[in-house]
Amino acid sequence: MELLKGKYDAALSAFNKATELAPDDNDSYGNHGEIYARKGNYSLALKEFDKALELDAENGEYYFERGMVYEKLGKTQKAIADFQKALELESDLSAEYCLRGKAYQALGKLEKAQANFAKAKQLGYNG
């Protein structure tokens with residue numbers, strides 16, 4: 001897949017075609033969001049993740065990805081809310097606990113940060 005090779009423009013073109021063929025396919029929007037996030041275009045990434053979540057509000061991965069974008073934008077509270085929602089939907093995701101811990105740490109909420117880091121470690125996070 002082009003996205004995994006870092007060929008973002010080629011991947012974006014392919015996902016644009018997919019969206020044209022199936023405009024209600026949430027994965028196309030999620031993939032668009034991931035590409036825009038990797039390219040540093042966070043406003044477009046948020047728009048795509050919002051659309052993906054509009055089509056599938058139960059997809060923890062999209063909340064996780066959108067939370068990472070919010071964190072990049074310094075919107076820590078929104079990042080925490082999205083990480084929380086991702087964990088409610090998929091509670092065994094160690095990376096989300098780690099990222100939520102970092103967000104709490106940025107807010108100076110060290111007890112909450114430590115609890116999240118411990119949970120990430122418990123679930124096998126070693127990043």
Side-chain angles (χ1 to χ4, degrees):
M1 173 186 264
E2 302 302 326
L3 176 60
L4 298 177
K5 296 176 186 173
K7 297 180 179 178
Y8 301 131
D9 292 332
L12 194 57
S13 177
F15 291 131
N16 284 339
K17 288 178 186 171
T19 303
E20 287 174 21
L21 294 171
D24 291 333
D25 178 21
N26 59 313
D27 287 331
S28 292
Y29 295 100
N31 289 326
H32 277 104
E34 186 176 346
I35 293 167
Y36 288 131
R38 288 184 183 196
K39 290 181 77 169
N41 192 334
Y42 301 124
S43 61
L44 281 177
L46 286 176
K47 180 181 169 189
E48 296 297 328
F49 287 129
D50 287 346
K51 181 65 176 176
L53 286 164
E54 180 184 310
L55 293 169
D56 181 6
E58 300 299 310
N59 190 315
E61 181 181 342
Y62 299 146
Y63 285 103
F64 171 69
E65 296 285 346
R66 190 174 70 176
M68 290 194 308
V69 172
Y70 280 136
E71 190 166 39
K72 295 271 188 195
L73 292 171
K75 297 181 177 187
T76 309
Q77 293 289 9
K78 287 186 173 191
I80 289 171
D82 273 0
F83 294 148
Q84 177 63 36
K85 184 66 176 178
L87 289 167
E88 288 171 11
L89 295 169
E90 301 179 43
S91 63
D92 63 340
L93 303 172
S94 62
E96 278 84 341
Y97 280 103
C98 184
L99 288 169
R100 189 172 66 172
K102 288 179 182 180
Y104 278 128
Q105 190 174 38
L107 292 174
K109 297 182 178 184
L110 301 182
E111 249 181 70
K112 287 186 175 186
Q114 186 57 38
N116 279 269
F117 292 141
K119 183 67 175 179
K121 185 176 180 181
Q122 176 189 350
L123 292 171
Y125 185 78
N126 60 7

In the structure I gave you, are the side-chain heavy atoms of Leu107 and Gln77 within less than 4.5 Å of one another anywhere?
yes
Report yes if the side chains of Leu46 and Tyr70 come closer than 4.5 Å at any heavy-atom pair, otherwise no.
yes
For Ala79 and Gly67, the nearest pair of non-hydrogen atoms, with its separation, is CB-O, 3.3 Å
Non-hydrogen side-chain atoms of Gln105 and Leu110 separated by less than 4.5 Å:
yes
Within the 3.5 Å criterion, strictly below it, is a donor on Asp24 or Tyr29 matched to an acceptor on the partner's side chain?
no
Measure the spacing between CG of Asp82 and CD of Glu65 and express it to the nearest 0.5 Å.
11.0 Å
Heavy-atom side-chain proximity of Val69 to Tyr36 below 4.5 angstrom:
no
Does the side chain to side chain contact (heavy atoms under 4.5 Å, CB included) test come out yes or no for Asn31 and Glu48, once each step is laid out?
CA-CA 8 Å; Asn31 289 326; Glu48 296 297 328; over 6 Å; no
Enter the distance from Met68:CE to Lys102:NZ here, rounded to the nearest 0.5 Å.
11.0 Å
Of all heavy-atom pairs between Ala86 and Gly60, which one has the smallest distance, and what is that distance?
CB-O, 3.4 Å
Please report the closest heavy-atom contact between Ala52 and Gly30, naming both atoms and the distance.
CB-N, 3.7 Å
Please report the closest heavy-atom contact between Ser94 and Ala120, naming both atoms and the distance.
O-CB, 3.4 Å
Spatial distance of atom NZ (Lys119) from atom CG (Leu123) [nearest 0.5 Å]
5.0 Å
Shared hydrophobic cluster, Tyr42 / Ile35 (ILVMFWY, side-chain heavy atoms < 4.5 Å):
no
Under a 4.5 Å cut-off applied to non-hydrogen side-chain atoms, are Phe83 and Glu71 in contact?
yes
Rounded to the nearest 0.5 Å, how far does CG of Leu99 lie from CZ of Phe117?
9.0 Å
Closest non-hydrogen atom pair, Gly101 against Ala113:
O-CB, 3.3 Å
With rounding to the nearest 0.5 Å, note down the distance linking CZ in Phe64 to CD in Glu61.
8.5 Å
Check Ala103 against Ile80 and note the closest heavy-atom contact, atom names and distance.
CB-CG1, 3.4 Å
If hydrophobic clusters are built by linking Ile, Leu, Val, Met, Phe, Trp and Tyr wherever their side-chain heavy atoms come under 4.5 Å apart, do Leu44 and Tyr8 end up in the same one?
yes
Between CD of Gln114 and CG of Asn116, what distance do you get to the nearest 0.5 Å?
9.5 Å
So that I can tick it off, tell me whether Glu54 and Lys51 are bridged by a salt bridge, with the cut-off set at under 4.0 angstrom between side-chain N and carboxylate O.
yes
Under 3.5 Å donor-acceptor, Tyr63 side chain and Ala81 backbone:
no
Start with the C-alpha distance between Asp27 and Tyr62, add both sets of side-chain angles, then the distance that settles side chain to side chain contact (heavy atoms under 4.5 Å, CB included), and finish with yes or no.
CA-CA 9 Å; Asp27 287 331; Tyr62 299 146; 2.4 Å; yes
